[in-house]
Each structure stands twice: as structure tokens, then as C-alpha cells.
There are 2 protein chains.
Amino acid sequence: MQDKITTLFKAIADPTRREIFHALVIATSALSITQISNQFEISRQGVTKHIKTLEHAGLVHIDSMGRERFCNANAKPLEEVNKWIKFYEQFWDNSLQGLGDYLDTKKA
Amino acid sequence: MQDKITTLFKAIADPTRREIFHALVIATSALSITQISNQFEISRQGVTKHIKTLEHAGLVHIDSMGRERFCNANAKPLEEVNKWIKFYEQFWDNSLQGLGDYLDTKKA
DNA sequence: CAAATAAGCAACCAAAAAGTTGCATATTAA
DNA sequence: TTAATATGCAACTTTTTGGTTGCTTATTTG
């Protein structure tokens, strides 16, 4: 399909999915599909689809208990996004920019 | 349309766009649309569209000089993404998790 | 000025994404 | 064991997205 980080970026690019993920992160216990659906305007099937996308990106882990499927958030994969971002930090952060300029000057 | 952070997330969710952005970030000088196109497989129009998306997200700034349009990367908006991510860091980073547990214990 | 170059605009296309409804199936409760 | 509940699966619709081609316009350059 597409590479891992793209799957991840796409998963969090959708606002509904970010909301669902957030709800799972701050939940005190795992939430079933129906429980999640009750918190959102969209249909249960819509939620299922989003959960599948999040699961595929590694952001959600599911524990099946009987007929219920309890969803847990897993923020770990976001570490990759964080790494991606980190590289560009030096280009927006002025203090780091200054550091870069300093090193350049030193070299010259 | 959609909120700012979603525009931003969607802009960086596309791998081609991330590549273009990266090329602009590491470029020693601003690049024209044609110059960018030469570095990628897709058509000039395709590049133009991506640039427009990046510009709309604030990740690219354009300086028009005569018939040419020179594109500069601007990483600053990524700071917002970084902030978004930061919140979830405590849920993946074990040391911070430990810190949270510690504070909870202290409270109790 | 004529030719070449840089780019925009518009229309189009195919595939993907976000969401829906309907129905089947498994599990639990009355 | 029948009814209710939780979910999955499949088909379908609408919108968005990533990309294309064709044509026009503006700016250089020979």
C-alpha cells in the first residue's frame, strides 16, 4: 500500500479519527465499538472503519472479550512522527537557527 | 473548509508533498516551479498543485520574480503539529509514564 | 518583433476516503 | 430457547485527492 509513516500521517490527518484516538487516550478503561459510537455523530460502521484505520497505523489495539471488542489507544507510533518533525525543528526554532548560523560562521 | 491543523496534517500526509517540502528545506536557495518539477517524476502541473497545498498550509512561501515563482520552505507551522504530538508523548514515553505514576502516588 | 520559456487555469480522470444502509453472525440474557 | 445485543461484512454513494492534458498568458531573450 504505502509506507508506514504515510499510513500513520494519514491516520491522524482525519479530524474524526484524531477525536476518536483522543477519546481512547484519555479514557480510564478500554472502550467498545458501541461505546465509542455513542460519543460520536457518525454511524457505528463509520466508527468501525476509523478504528480499523487507527489499528492499521498501530495507534489502537483491540482486546476481544466475548462479543465485545475493547479498543485501547497506543501512542507509541507517534514517536515516529515526532522524529520526522524533529528534523525540521531547527528550521523554525530561532535559537536553533542561531546555533546553526554560529556553527556555519565558525566553519568559515 | 477544515481547521488549520487538519489542513496541516493533510498537507504532510502525502509522501510526494513531504519530499517536495524536504527538497525546499534543504535547498540552499529558493526553487522555481520548473526547478522542482525537474527533480520529480510527476508533471509540472502536479507540482503546482502540491505547492498550492503546501502554501495553503503555510509550509511554503512564494516570491515572484518576473515570470518565475520561487518557493521557500517555512517549517514554522510544524510547531503546531509538534504541540499536538507533545500531549501524547506522556503516553508513549515510559519515563514520563513513570513520572505520572509517581505524581499520582504522591497525591494519594 | 518573434521565439522560447515559466507558469496559471480549467477540464477531466481514476482511485481513495468517509460515510451510509442492509443483512448475517456470534454471544449473552431473559 | 428465544430475544436482545455487539459486531462484522459487503455493497453503494459522495467527495476529495493526486494526477493528467490542453490551452492561454506573461515575461524573456535572440
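All chains are named by letter (A, B, ...) in the order of the sequence lines, taking the proteins before the strands, and each is independently numbered beginning at 1.
Minimum interatomic distance between B:V25 and B:A73 (heavy atoms only, all atoms of both residues): CG2-CB, 3.5 Å. For A:L8 against A:P77, the heavy-atom pair with the smallest separation is CD2-O, 3.1 Å.
The nearest heavy atom of DNA chain D to B:R44 and to A:K52 marks one nucleotide each, and the one closer to the 5' end goes with A:K52. Positionally, the nearest nucleotide of DNA chain C for A:Q2 lies more toward the 5' end than for the other of A:Q2 and A:V47. Of the two residues contacting DNA chain C, namely A:K49 and B:S32, the nearest-nucleotide position lying further toward the 5' end is that of B:S32.
Following rounding to the nearest Å, A:Q45 (CD) and C:dT25 (C1') show an atom-to-atom distance of 13 Å. The CD atom of B:E41 sits 18 Å away from the P atom of D:dG18 (whole-angstrom rounding). In this structure, B:D14 places its CG atom 5 Å from P of D:dG18, rounding to the nearest Å. Distance CZ (B:R69) to C1' (D:dT27): 14 Å, rounded to an integer number of Å. Atom CD1 in B:I12 sits roughly 15 Å away from atom P in D:dT17 (whole-Å rounding). The CG atom of B:L54 sits 13 Å away from the P atom of D:dT17 (whole-angstrom rounding). In this structure, the CZ atom of A:F70 is 13 Å from the C1' atom of C:dT27, given to the nearest Å. Spacing between atom CZ of A:F40 and atom C1' of C:dG19 amounts to 15 Å, rounded to whole angstrom units.
In this structure the side chain of B:N82 never reaches within 4.5 angstrom of the side chain of A:Y88, judged on heavy atoms.
Separating the CG atom in A:N72 from the NE2 atom in A:H61 is a distance of 7.0 Å, to the nearest 0.5 Å.
Residue B:T48 places none of its side-chain N or O atoms closer than 4.0 Å to OP1 or OP2 of C:dC9. Dashed line: the shortest gap from a side-chain N or O of A:S37 to OP1 or OP2 of D:dA6 is not under 4.0 Å. Under 4.0 angstrom from either OP1 or OP2 of C:dG19 there lies no side-chain N or O belonging to A:S43. Between A:T34 and D:dT5 there is no side-chain N or O to OP1 or OP2 distance below 4.0 Å.
Of the candidates C:dT20, D:dG18, D:dT17, the closest approach to any side-chain atom of B:K10 belongs to D:dT17.
Nucleic acid contact for B:G66: sugar-phosphate only, since backbone atoms but no base atoms lie under 4.0 Å from a heavy atom of the residue.
Using a 4.0 Å cut-off between a side-chain N of Lys or Arg and a carboxylate O of Asp or Glu, A:K52 and A:E55 do not qualify as a salt bridge.
Residue side chain A:R67 does not reach the base of D:dT7 through any donor-acceptor N/O pair under 3.5 Å, judged by distance alone.
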